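Remember, predicted model here, so these are calculated numbers, not experimental data.
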Number of protein chains: 2
Amino acid sequence: MSKQADLPLLGPDVTCCAPMVRQPLGEVDAIELSRMFKALSDPIRLRLLSLIASHEGGEACVCDLIGPFDVSQPTISHHLKVLREAGLVGSERRGTWVYYWVLPEALAKLSALLQTPAVPAKASA
Amino acid sequence: MSKQADLPLLGPDVTCCAPMVRQPLGEVDAIELSRMFKALSDPIRLRLLSLIASHEGGEACVCDLIGPFDVSQPTISHHLKVLREAGLVGSERRGTWVYYWVLPEALAKLSALLQTPAVPAKASA
DNA sequence: GTGCTGTATCGACGCTTGTCGATACAGCCG
DNA sequence: CGGCTGTATCGACAAGCGTCGATACAGCAC
């Protein structure tokens, strides 16, 4: 459906941060990263993010994001704000509607951070 | 230092879940994933995780994990419990000491989930 | 202008979370 | 056995978070 469906995924090439399994995270980095993970720590926000990212054109109007959930409009608005302040999405008003899109660098950063070394034998036991 | 330093990282090959930017996350999946991200949403837990993962041999004794932090021993113990219940680490008592290690599949799962499509032009502007 | 629709902010509420000190439990040593 | 060290649990507290209804703001239509 959406044209992005066949694009390759960003691999380790775009790794902006070393994987956290390589060396201990610094105190300051940990605080910044924890803020991003906190934004991902709510089921509604996770679904909002994937809904936005997988929406046609890579962006979605708030009006598209309210229907799928059982919570009130102010609550959705609140969650979108959390995602925005965590640097995970961008937003813009266009006339009557407000559009949100994912900031791919942010997701790539977290993804790279969680990259793991090849699984040892223990993992397959 | 540690022998894992030169191992290749797990790439998209081990992707067990489709990236969340491909299609909307289901309600149930979102709940399970949010639990894992919640475990990562605290700076101390992030540092604990990277400390464990980057420790020699891929595992660390609790006694190694208390020193680097300014919080009490019960607090560290609490955070380790959160990481364990989220499925991010495993643990085992060996005599007097308790050892923790990272479960690579869990990190790989989250990493794959956050994989992003190649960045559009907008990202470089 | 007035009214209407889409979105954000506000204030309040209950629940969860991070932290602590105190204490319990597990295993070693002598 | 008794005492000691390492780790986990408990109970309490303050702070943070998700949710709501009410309301304010922004832009279109008429």
Side-chain angles (χ1 to χ4, degrees), chain A residues 25 27 30-52 55 57 59-101, chain B residues 25 27-28 30-49 51-52 55 57 59-101:
Chain A
L25 230 43
E27 209 168 331
I31 291 175
E32 189 208 333
L33 290 165
S34 70
R35 275 197 270 261
M36 293 184 158
F37 283 122
K38 183 165 299 186
L40 297 177
S41 72
D42 183 277
I44 292 187
R45 287 198 291 268
L46 274 183
R47 290 173 62 202
L48 276 172
L49 198 64
S50 72
L51 215 47
I52 292 170
H55 199 268
E59 58 181 22
C61 165
V62 175
C63 58
D64 296 322
L65 301 174
I66 294 180
F69 300 95
D70 282 338
V71 298
S72 67
Q73 174 268 321
T75 297
I76 295 295
S77 191
H78 164 70
H79 285 308
L80 289 171
K81 183 179 182 181
V82 172
L83 288 173
R84 185 161 26 86
E85 292 183 339
L88 295 173
V89 302
S91 71
E92 183 185 28
R93 170 159 226 135
R94 259 174 245 152
T96 302
W97 296 277
V98 177
Y99 290 85
Y100 282 78
W101 58 87
Chain B
L25 231 43
E27 210 168 331
V28 176
I31 291 175
E32 189 209 332
L33 291 165
S34 70
R35 275 196 269 261
M36 294 184 148
F37 284 122
K38 183 165 301 188
L40 297 177
S41 73
D42 182 278
I44 291 187
R45 285 197 294 267
L46 274 183
R47 291 174 62 202
L48 276 173
L49 198 64
L51 216 46
I52 292 170
H55 199 269
E59 58 181 22
C61 165
V62 176
C63 58
D64 296 322
L65 301 174
I66 293 180
F69 300 95
D70 282 338
V71 299
S72 67
Q73 175 267 323
T75 298
I76 296 295
S77 191
H78 164 70
H79 285 308
L80 288 171
K81 183 179 183 181
V82 172
L83 288 172
R84 186 162 24 89
E85 291 183 340
L88 296 173
V89 303
S91 71
E92 184 186 26
R93 170 159 227 135
R94 260 176 246 150
T96 302
W97 296 278
V98 177
Y99 290 85
Y100 283 77
W101 57 86

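Rounded to whole Å, atom P of dG18(D) lies 14 Å from atom CZ of Phe69(A). Separating the CG atom of Asp64(B) from the C1' atom of dT7(D) is a distance of 13 Å, rounded to the nearest angstrom. In this structure, Phe37(B) atom CZ and dT16(C) atom P are separated by 22 Å, rounded to whole Å. Ile52(A) places its CD1 atom 12 Å from the P atom of dT7(C), with the value rounded to the nearest Å. Per the geometry, CZ belonging to Arg94(B) stands 18 Å off C1' belonging to dA8(D), to the nearest Å. What separates CD of Glu92(B) from P of dA26(C) is a distance of 17 Å, to the nearest Å. Between Arg47(A) atom CZ and dG18(D) atom C1' there is a gap of 15 Å when expressed in whole angstrom units. Taking atom CZ of residue Arg93(B) and atom P of nucleotide dT5(D), one finds them 16 Å apart after rounding to whole Å.
When every heavy atom of Ile52(A) is checked against every heavy atom of Trp101(A), the shortest pair comes out as CG2-CA, 3.6 Å.
Contacts classified as salt bridge (charged side-chain N to carboxylate O under 4.0 Å, His left out) and involving residues 30-40 of chain A (residues at least two apart or in different chains) are given here: Glu32(A)-Lys109(A).
Considering only heavy atoms from C-beta on, Ile76(A) comes within 4.5 Å of Ile44(A) through its side chain. In this structure the side chain of Ser91(A) never reaches within 4.5 angstrom of the side chain of Leu80(A), judged on heavy atoms.
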For nucleotides 20-23 of chain C, which of its nitrogen or oxygen atoms have a protein nitrogen or oxygen under 3.5 Å away, and what is each distance?
unit_1, atom_1, unit_2, atom_2, d
dC20(C), OP2, Ser72(B), N, 2.8
dC20(C), OP2, Ser72(B), OG, 2.9
dC20(C), OP2, Thr75(B), OG1, 2.7

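Contacts of Ser72(A) classified as side-chain hydrogen bond (donor to acceptor under 3.5 Å, both in side chains), with partners at least two apart in sequence or in another chain: Thr75(A). Under the side-chain hydrogen bond (donor to acceptor under 3.5 Å, both in side chains) criterion, Arg47(A) pairs with no residue, sequence neighbours left out. In terms of the salt bridge (Lys or Arg N to Asp or Glu O under 4.0 Å) criterion, Glu85(B) has no residue partners (sequence neighbours excluded).
Applying the 4.0 Å criterion to OP1 and OP2 of dG18(C), one finds that Arg45(B) has a side-chain N or O inside that range.
Heavy atoms of Tyr99(A) sit nowhere under 4.0 angstrom from any nucleic acid atom. At the heavy-atom level, Ile76(B) lies nowhere under 4.0 Å from the strands shown. The residue Tyr100(A) sits close only to the backbone: its heavy atoms come under 4.0 Å of sugar-phosphate atoms, none of a base.
Both Cys61(A) and Lys38(B) lie close to DNA chain C; mapped to their nearest nucleotides by heavy-atom distance, the more 5′-ward contact belongs to Cys61(A).
Not one N or O on the side chain of Ser77(A) forms a donor-acceptor pair closer than 3.5 Å with the backbone of Gln73(A). Side-chain atoms of Arg93(B) come within 3.5 Å of backbone atoms of Gly95(B) as a donor-acceptor pair (strictly under, hydrogens ignored).
Within residues 77-86 of chain B, the residues having any heavy atom closer than 4.0 Å to DNA chain C are, in order of number, His78(B), His79(B).
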